[in-house]
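Accompanying notes for the structure given below.
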Amino acid sequence: MTRAEFLTRLRRGLKGLPPETIDEIVSDHEAHFVEAAAAGRDDAEIAQALGNPERLAREVRAEAGLARWEAEKTPSNAVAALVALLGLGAIDILFLLPLLVGVISALFAVFGAAIAVFFAGGVVFVAGPFAEPPGGPLTAILAGLGVMALGVTMGAITSVLSVWLFNFLVWFGRLHYRLLKPALQSASSSGEV
């Protein structure tokens, strides 16, 4: 593979990252080519030593997504990091996916129930005093507030569990990457890509 092919494939794999980040990463890899060429190595040797450009791009995208999530824990950053991790650990996902789908479905179900409980409490709060409940209108108002508080509590607990789950996935992805990195480096240096 020539220098131009390697850098083109790397740039294509990094698409979606900020342009200045792409330029910086590509120029770093181009510098490796320049230094190694000055030492008398040809482009094919250098490309083989650097590894598969698509794999490099996936690793960089995963790290960038995780860094964005750690800097600012927003839903969009969580989705971006999750997509990057999925690309990096696709084989593990085959094993984790059934478990992950079950846990995420349960979290969505509990969050949906929390919303329903909150709105049910709102109905009791607003309409209860007019229905002449036992104990009077104040009982209906307090019961409605209590049910709404239960819905908020369920939503808060679900949110905390969701963040814990996502942090676990980030930890797992990083552990997976750290464990595989030496194997990937030795495979790329021996020609197995």
Side-chain angles (χ1 to χ4, degrees), residues 1-105 107-108 161-193:
M1 176 182 328
T2 67
R3 176 190 314 193
E5 289 172 322
F6 182 91
L7 296 175
T8 300
R9 288 171 59 186
L10 180 62
R11 186 175 292 278
R12 192 175 336 137
L14 294 171
K15 189 175 268 183
L17 291 176
E20 58 275 358
T21 303
I22 294 172
D23 292 340
E24 181 182 330
I25 292 167
V26 170
S27 67
D28 285 346
H29 284 81
E30 190 168 17
H32 287 295
F33 274 96
V34 170
E35 291 171 13
R41 297 173 66 192
D42 66 0
D43 282 356
E45 257 185 289
I46 301 165
Q48 184 177 6
L50 288 174
N52 183 318
E54 286 84 9
R55 180 178 293 156
L56 286 170
R58 282 194 307 270
E59 291 170 1
V60 168
R61 291 174 66 84
E63 281 298 317
L66 295 176
R68 278 194 307 269
W69 164 253
E70 288 177 345
E72 186 178 351
K73 297 188 181 205
T74 63
S76 62
N77 287 345
V79 170
L82 188 59
V83 168
L85 283 173
L86 291 177
L88 185 59
I91 292 177
D92 281 344
I93 294 303
L94 294 175
F95 299 109
L96 285 179
L97 193 58
L99 176 64
L100 196 57
V101 166
V103 170
I104 290 173
S105 298
L107 287 172
F108 272 116
L161 291 176
S162 298
V163 169
W164 284 354
L165 173 66
F166 190 77
N167 285 336
F168 169 76
L169 290 174
V170 167
W171 171 83
F172 181 79
R174 284 214 165 130
L175 177 66
H176 176 72
Y177 173 70
R178 285 186 194 124
L179 291 175
L180 287 180
K181 188 174 182 179
L184 293 173
Q185 288 174 339
S186 67
S188 67
S189 65
S190 68
E192 303 170 24
V193 177

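- Not counting sequence neighbours, the partners of Leu161 by the side chain to side chain contact (heavy atoms under 4.5 Å, CB included) test are Leu107, Ile157, Trp164.
- Every residue was checked against the side chain to side chain donor-acceptor pair (under 3.5 Å) condition with Thr21, not counting sequence neighbours, and none meets it.
- The salt bridge (charged side-chain N to carboxylate O under 4.0 Å, His left out) contacts involving residues 9-22 comprise Arg9-Glu54, Arg11-Asp23, where partners must be two or more places apart or lie in separate chains.
- Side-chain contact check for Leu10 versus Phe6: some heavy-atom pair is nearer than 4.5 Å.
- Considering every non-hydrogen atom in both Ala57 and Gly13, the closest pair reads CB-C, 3.5 Å.
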Side-chain atoms of residues 28-46: list all donor-acceptor pairs with protein atoms under 3.5 Å, sequence neighbours left out, distances to 0.1 Å.
{"unit_1": "His29", "atom_1": "ND1", "unit_2": "Ile25", "atom_2": "O", "d": "2.9"}
{"unit_1": "Asp42", "atom_1": "OD1", "unit_2": "Glu45", "atom_2": "N", "d": "3.0"}
{"unit_1": "Asp43", "atom_1": "OD2", "unit_2": "Arg3", "atom_2": "N", "d": "3.2"}

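- Taking OG of Ser27 as the reference point, atom CD1 of Ile22 lies at 12.0 Å (rounded to 0.5 Å).
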